[in-house]
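Below: one structure in structure tokens.
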Amino acid sequence: MLARTLLRDETGRIGQLLQSRGLAARPLETWQRLDAERRAGLVEIEDLKRKRNEASREIGTIKREGGDASAQIAAVSQSKARVEELQVRLTEVETELTDLEHGFPNVPHESVPVGPSEAENRLERQVGKPREFDFEPQAHWDLGPALGILDFERGAKLSGARFTAYFGAGARLERALINFMLDLHTTEHGYTEVLPPYLVKREAMTGTGQLPKFEADAFRVDSHDLFLIPTAEVPLTNLHSGEILDEAQLPLRYTAFTPCFRAEAGSYGQDVRGLIRQHQFNKVELVQLVHPERSFEALEELTGQAEKVLQLLELPYQVMALSTGDMGFSAAKTYDLEVWLPGQQRYREISSCSNCTDFQARRANLRYRPTGGGKAKLVHSLNGSGLAAGRTLIAILENYQQADGSVLIPEALRPYTGGLERITASG
RNA sequence: GGAGAGAUGGCUGAGCGGCCGAAAGCGACGGUCUUGAAAACCGUUGACCAUUCACGUGGUCCGUGGGUUCGAAUCCCACUCUCUCCGCCA
């Protein structure tokens, strides 16, 4: 959500910026009209309430002194209907305003490339060289089943398309990746490990921006009106909602491994093969709550921490600054990390790191008290994948595959695989 | 799932339908004292919204949502959450 003062005072500039993110001009015009109506209505109703409060106090005084206040009571009763009428309209206007505001995306930072689609994304850097193969590298959807570690058919038998069962060294490798990432972020990068709930309330989903606009993308547990988290960003960012933190506590850095659940509505036919786009996948998430003046610095830092995982695993990747049209709803700026997949001869997203500035903080009511007192201020929230475990497993299979169909385990991971150095079909 | 108790400011905890945005204590902050600190003493200390150039003024908020009343933290209803006991259970 954006600040009302911002929308009010800089309507033109904000309108242009939001249009670069695909928002039409109409809702903003409606917003302006409703905002003016709300404020005019407030002035009127508050004046009536003031008079009513004064009269009520007077009645109290008269009664305490044993007098007859029936005339005053009758007078106040009369203005009651008018107050109620105004109140009803005002509540309607308030609801319409917040509904509109919930539909406005965050304002992009000035450094974000402007454009309607991913074609305008800007390449920031490439790290590592794609390996030269002296054979035709296979895609993971061939490698995985051939090695007996990924079973797409049985996953589908249990749960339908976009669900996969891992077996043996595959399951082990994914678990190793998760532990490797968590250890890195907690011991080297200063994050506190959290094991959050995987089912959250509507309120939490609204706090981070998944609701109300993107409800179709989520899995909901109907019987309890809870949502399966689409990312640990939701529980981690909402951890301190409604609280006022001390400035000295900032920055807060949280990391969590969780499964993530996504309905993937509207992505039929995309990435149907393999492990790229699943309804359920594992991810280690990084979340920071920081001082507002430090958030863009923190984004560079957080992105670097996600990159560190790829560097240690010696996987070639590139960093993209997403364009205004390609960024997520809550983000003011986003870097995507894209890992090289030899089986597909292309870079694929493996992490997305965003500075959400005060957008989520305003929705979730995440504030801090400046040292030395003063008004509570909104923190800035950041999140990034560090990394998506399933896609990292894919990258390892494809980048570390050998001519004989086996797959080497990266050095950095071997402490986590119980001595396993190579995955072979024989197990 | 059944029975009961409760939800008040950063925390603990008072609160007769009007004089309650709310006692008191703790904490925090500022000051006096001190070489410095502690102790003691004095003072300050909620959020949001509207309005004003500003000082300020007004409105709303005592778990949430309704209701009764001229007037609700206080009365009524529903819901949510917490605690205790019982049942079930990894």
Q: Taking atom types as modelled, find out whether T255(A) and H185(A) have a side-chain donor-acceptor pair closer than 3.5 angstrom.
A: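 No, no side-chain donor-acceptor contact under 3.5 Å.
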Q: Provide the distance between the two P atoms, one in A54(B) and one in G63(B), to the nearest whole Å.
A: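 About 35 Å, rounded to a whole number of Å.
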Q.
Nearest heavy atom decides the nucleotide; on that basis, is I244(A) or E84(A) closer to the 5' end of RNA chain B?
A.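 It is I244(A), whose closest nucleotide lies nearer the 5' terminus.
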**Q.** A78(B) and G2(B), which share atom name P, separated by this distance in whole Å
**A.**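 Each nucleotide's P atom is 15 Å from the other's.
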Q: Determine the Euclidean distance between corresponding P atoms of C16(B) and G21(B); express it in Å to zero decimal places.
A: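 Roughly 15 Å separates the two P atoms.
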Q.
Counting the atoms with a prime plus P, OP1 and OP2 as sugar-phosphate, which does I59(A) contact under 4.0 Å by heavy atoms, base, sugar-phosphate, or nothing?
A.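 The answer is base, as I59(A) lies within the cut-off (heavy atoms under 4.0 Å) of a base atom.
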Q: Establish, from distance only, whether the side-chain atoms of E233(A) and T208(A) form a donor-acceptor pair under 3.5 Å.
A: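 Their side chains do not contain a donor-acceptor pair, so the 3.5 Å distance test is not met.
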Q. So, E153(A) and K157(A), do they make that salt bridge, N to O below 4.0 Å?
A.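 Looking at K157(A) together with E153(A), the answer is no, because their closest N to O distance does not fall below 4.0 Å.
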Q.
Could you work out, with ring pair (Phe, Tyr, Trp, His ring centres under 6.0 Å) as the rule, every residue matching F180(A), not counting sequence neighbours?
A.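 Testing F180(A) for ring pair (Phe, Tyr, Trp, His ring centres under 6.0 Å), a comparison that skips the adjacent residues, returns Y416(A).
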**Q.** Minimum heavy-atom distance between A298(A) and V290(A), given as atom pair plus value
**A.**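 Minimum heavy-atom contact is CB-CG1, 4.1 Å.
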(Q) Can you give me the first and the last nucleotide of RNA chain B (5' to 3') that has an atom within less than 4.0 angstrom of a non-hydrogen atom in chain A? (A)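 Using the under 4.0 Å cut-off, the span is G18(B) to G71(B).
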**Q.** Aromatic plane relationship, H140(A) with F152(A) - under 30° parallel, 30 to 60° tilted, over 60° perpendicular
**A.**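 The arrangement is perpendicular - the two ring planes meet at more than 60°.
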Q: Could you tell me how the ring of H189(A) sits relative to the ring of Y191(A): parallel (under 30°), tilted (30 to 60°) or perpendicular (over 60°)?
A: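 Judged by the thresholds at 30° and 60°, the geometry between H189(A) and Y191(A) is perpendicular.
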Q.
In whole Å, measure the gap between the C1' atoms of C19(B) and U32(B) for me.
A.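 Comparing C1' positions in C19(B) and U32(B) gives a spacing of 35 Å.
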Q) Angle class for the H279(A)/F163(A) ring planes (parallel below 30°, perpendicular above 60°, tilted otherwise)? A)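 Ring orientation of H279(A) relative to F163(A): tilted.
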Q) Across the strands shown, which category fits N53(A) at heavy-atom distances under 4.0 angstrom: base, sugar-phosphate, nothing? A)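 The answer is sugar-phosphate, as N53(A) gets under 4.0 Å only of primed atoms, P, OP1 or OP2.
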Q. Rounding to the closest angstrom, what is the interatomic distance between A22(B) and C81(B) at atom P?
A.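 32 Å, rounded to whole Å.
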**Q.** P-based separation of A37(B) from G30(B) [nearest Å]
**A.**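 Result for the P pair: 12 Å, nearest Å.
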Q.
Heavy-atom nearest nucleotide on RNA chain B for E46(A) versus S56(A): which residue maps closer to 5'?
A.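 On the 5' side of the pair lies S56(A).
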Q: For R367(A), answer base if it contacts any base atom (sugar-phosphate contacts may also be present), sugar-phosphate if it contacts only those atoms, and nothing otherwise; contact means non-hydrogen atoms under 4.0 Å.
A: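 Sugar-phosphate, no base atom in range.
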Q: Describe the nucleic acid contact of R202(A) in one word from base, sugar-phosphate, nothing, applying a heavy-atom distance below 4.0 Å.
A: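 Here R202(A) touches no strand at all.
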Q: Between G15(B) and A24(B), how far apart are the P atoms? Round to whole Å, please.
A: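 Those two atoms are separated by 15 Å.
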Q. Looking across every strand, which nucleic acid part, if any, lies under 4.0 Å from K375(A) by heavy atom: base, sugar-phosphate, or nothing?
A.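 Contact class for K375(A): sugar-phosphate only.
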Q) Hey, mind stepping through R4(A) and D35(A) against salt bridge (charged side-chain N to carboxylate O under 4.0 Å, His left out) and telling me if it holds? A) CA-CA 9 Å; R4(A) 281 191 176 162; D35(A) 178 55; 5.2 Å; no
Q. Say you pick atom C1' in C11(B) and the same atom in G65(B); how far apart are they, in whole Å?
A.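 Pairwise C1' distance, C11(B) against G65(B), rounds to 28 Å.
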Q. Which stems, defined as runs of 3 or more consecutive Watson-Crick or G-U wobble pairs with both pairing distances under 3.5 Å, involve RNA chain B?
A.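 Consecutive-pair runs (3 or more) involving RNA chain B: B:1-7 with B:80-86, B:10-12 with B:24-26, B:27-32 with B:40-45, B:46-51 with B:56-61, B:63-67 with B:75-79.
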Q) Between H291(A) and Y368(A), is the gap from one ring center to the other below 6.0 Å? A)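 For H291(A) and Y368(A), the ring centres are under 6.0 Å apart.
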